[in-house]
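No hydrogens, no waters, no symmetry mates; every other heavy atom, side chains included, goes into these values. Chain naming here is simple, since letters A, B, ... match the order of the sequence lines and numbering starts at 1 in each.
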Amino acid sequence: MYRLILLFLAGILLFGCTNNYISKTKNYLIVDQPSNKVISEYEYNESDNTLRRTISYGKDGKVKKIINYEYDRRGYLIKTVESVPLQESKEITYYTEEHKDKSGRLVKTIQISSEGKKIETYYGYDEEGNLRGVVEQVNNKSVIMKDYPHE
Amino acid sequence: MNKKYLFPAIFLFVLGVTQGLYADSRIPYSEVILNKNVIDLRANMQLKSSINNRPVRYSTPEDLRIGSIFLTADNEARKVVNIYERNGKTVIETVKPRPEEVFIDAYVPDFNVKLDRSDIDLSSLGKGVTLLPPGTPEKDMLFSGFNQTSTTFKTESVNWLETDPDNAGLDIIALNIDTPLFKSSLSTDDMELLEKIKTSGKKAKKKKGKTTETSVGGTPEVSFGTSGEIHLLGTLRLRKPTISGGLKMPSITVTWVHDWWIVYHPEFRHNKGYLKANFTAAQQFDFRLTGTVKLESEIIIPIFEIIVEDPDTTLFMKVGFYAKIGLTGTISIIIEASEYTKLSAGVTCDLAWPFIPYKYSGHQNNYGNFAFRPILAAQARLQAGLYLGGSFGMASIDFAGVEAGGGGYIQAEGYMEPMGIMGYDTELGGYGNFDNWILDLTAEAGAYVEVGASILTIGIPIYSHDWPFWEWNQSWEL
């Protein structure tokens with residue numbers, strides 16, 4: 001009887017874990033419509049909305065690259081593991097620091113990778129305190145900017 | 001240049017450069033302003049979404065709608081045209097968007113990048129392709145002899161990678177290629193093994209007690225085999241390709257001006273942009289394509305055989321004395337070829353707002369040189385001898401065996417090749433000819449001995465030697 005109860009509990013636990021995993025993962029296929037070929041596949045964790053894995057496909061339909069992602073509690077990327085067929089997997093770690101102004105608004109983040117890449121992201125606000133633009137600078141060189149629509 | 005291809009070319013260029021911004025320090029400071037509606041799904045450098053005018057969270061594919069423009073995890077811009085569910089996955093059908101749908105502004109200062117061996121994606125190398133280390137001497141390349149042979153037929157104006165003054169002092173990337181393109185074979189051994197496995201169980205059940213059988217003579221055993229292969233062997237050498245270009249997106253500015261007849265009116269000012277891209281490369285491919293057909297035929301005439309067999313374990317030991325007549329032949333057609341291509345192409349245009357190319361012009365300067373020569377070779381050998389062999393096995397399947405024998409043989413070889421090459425130079429036209437050929441024939445007769453072993457279906461030659469007692473060779477220049 002004791003064994004049966006243990007087996008029953010283990011079954012519930014196993015089912016719960018499996019079911020939990022399925023419900024927390026959502027997959028997206030990005031398809032090129034003209035060719036009907038899958039370009040990439042994203043695996044998101046539904047519970048915290050974070051990207052867990054990307055699979056990139058080549059023109060021949062074969063897997064070109066798989067990247068797994070890990071995040072810290074704040075939601076910032078802390079590790080990627082990149083796997084390319086016939087090559088050793090590459091692990092990159094990231095550290096992100098936040099800078100906030102006196103009113104607690106995020107004004108700057110600095111992400112530094114173990115490869116030495118530094119990404120500085122600046123958040124700009126208008127006089128009414130609305131986010132209006134973001135500037136991202138890589139290794140103090142290239143810049144990508146975006147204007148945010150006023151909601 | 002065909003207008004149809006100009007727009008995609010420009011778009012790919014812009015995306016390629018902006019992707020490169022983050023991957024390559026050889027490209028200088030660049031600026032990109034994304035359209036405000038672009039959803040950022042890049043995995044690493046993702047910009048946060050704005051909710052209630054605050055940077056709150058990162059976008060996910062859940063934010064995508066039909067018509068959305070987004071950046072993928074691979075830094076590729078796509079436009080959503082359809083979304084649906086299939087097998088528990090959300091399928092997002094996309095197309096490439098127009099540049100002005102992605103960028104408000106983009107500026108890439110003039111650059112000139114020489115692509116290096118480190119830029120080669122090693123995972124993209126095909127089977128049998130190896131990247132040679134820098135400074136590899138020509139002798140270490142799989143195929144470099146053809147150049148010397150063909151040199152005598154080159155005029156001073158015919159250029160190759162090593163003689164083209166444009167390539168003087170430039171580094172060369174070399175790749176060796178050694179791979180079969182096609183392979184096929186068929187032999188009677190394969191069919192026999194299958195037959196033996198199929199019938200062995202039945203035989204083992206029928207016999208009881210240890211038996212010894214001796215037989216004299218028997219039915220000749222005939223076997224044949226045929227195989228064909230097309231093999232590619234060569235060296236591809238590249239002068240490091242160079243790409244250069246620059247981009248300034250067009251813009252439009254609106255200013256409110258005051259004139260005497262009206263209080264204020266808008267004044268539009270168009271600032272034209274430009275796009276330029278140039279690509280130069282040179283490559284030489286020396287290769288040898290060999291097509292070979294091999295025929296093997298063998299007749300074994302049993303003289304006597306002793307078999308000791310234990311039906312309980314199906315173990316047997318066999319000793320036989322037999323005559324063996326074999327015929328082997330090979331026909332090869334070889335094409336030796338060298339191909340040299342030098343390409344310099346570019347496109348320049350002005351861009352009007354939002355992203356409309358005009359006053360575009362393309363330029364190209366190509367040089368090509370291709371030369372080849374065919375070689376025909378054939379070889380045949382007929383041998384006949386007496387053999388003594390022993391083997392053991394189970395259930396009619398030979399596990400291991402050894403045989404030794406000897407006899408006489410006669411063999412002939414011949415080849416035919418032109419005393420030159422034929423080629424085509426894009427500047428000079430055709431050159432060379434196949435008017436003169438060399439025909440070489442060799443024949444030989446002698447005695448031979450050979451000792452071999454076999455384990456299951458694998459044959460292992462242990463010793464073989466030929467003692468030729470008659471040789472003949474003749475060459476003709478036709």
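- Counting all heavy atoms, side chain and backbone alike, B:Val95 lies closest to A:Pro34 at CG1-CD, 4.0 Å.
- Between A:Glu136 and B:Arg42 there is a salt bridge, since at least one side-chain N of the basic residue sits less than 4.0 Å from a carboxylate O of the acidic one.
- Taking A:Glu127 as the reference, nothing meets the side chain to side chain donor-acceptor pair (under 3.5 Å) condition, with sequence neighbours excluded.
- Contacts between B:Phe70 and chain A at a heavy-atom distance below 4.5 Å involve the side chain alone, from C-beta outward.
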Query raised in the report: Given B:Thr94 and A:Ile30, is the side-chain contact (heavy atoms from CB on, under 4.5 Å) satisfied, shown in steps?
Result: CA-CA 7 Å; B:Thr94 63; A:Ile30 311 296; 4.0 Å; yes
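- For A:Ser56, the parts sitting under 4.5 Å from any heavy atom of chain B are the backbone and the side chain alike.
- To the nearest 0.5 angstrom, B:Glu85 atom CD is 10.5 Å from A:Asn27 atom CG.
- Under the side chain to side chain donor-acceptor pair (under 3.5 Å) criterion, A:Glu88 pairs with no residue, sequence neighbours left out.
- Salt bridge B:Lys96/A:Asp32: absent, no basic N to carboxylate O contact under 4.0 Å.
- When all heavy atoms of A:Tyr42 and B:Ala73 are compared, the pair lying nearest together is OH-N, 2.7 Å.
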Report task. Would you sort out whether A:Tyr28 and B:Leu64 count as a side-chain contact (heavy atoms from CB on, under 4.5 Å), showing the intermediate values? Result -> CA-CA 11 Å; A:Tyr28 300 88; B:Leu64 298 175; over 6 Å; no
Report task. Show your reasoning for whether side-chain contact (heavy atoms from CB on, under 4.5 Å) applies to B:Glu62 and A:Tyr44. Result -> CA-CA 10 Å; B:Glu62 285 294 314; A:Tyr44 272 79; over 6 Å; no
**Report entry** Verdict with supporting geometry, B:Glu76 and A:Ile39, side-chain contact (heavy atoms from CB on, under 4.5 Å)
**Finding:** CA-CA 10 Å; B:Glu76 195 179 344; A:Ile39 304 168; 3.9 Å; yes
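- The structure places CD of A:Glu43 at 8.5 Å from NZ of B:Lys89, a figure rounded to the nearest 0.5 Å.
- Of the listed residues B:Asn35, B:Ile83, B:Val91, B:Asp105, the one with more heavy-atom pairs under 4.5 angstrom with chain A than any other is B:Val91.
- Using a 4.5 Å cut-off on side-chain heavy atoms (C-beta onward), B:Thr90 and A:Lys26 make contact.
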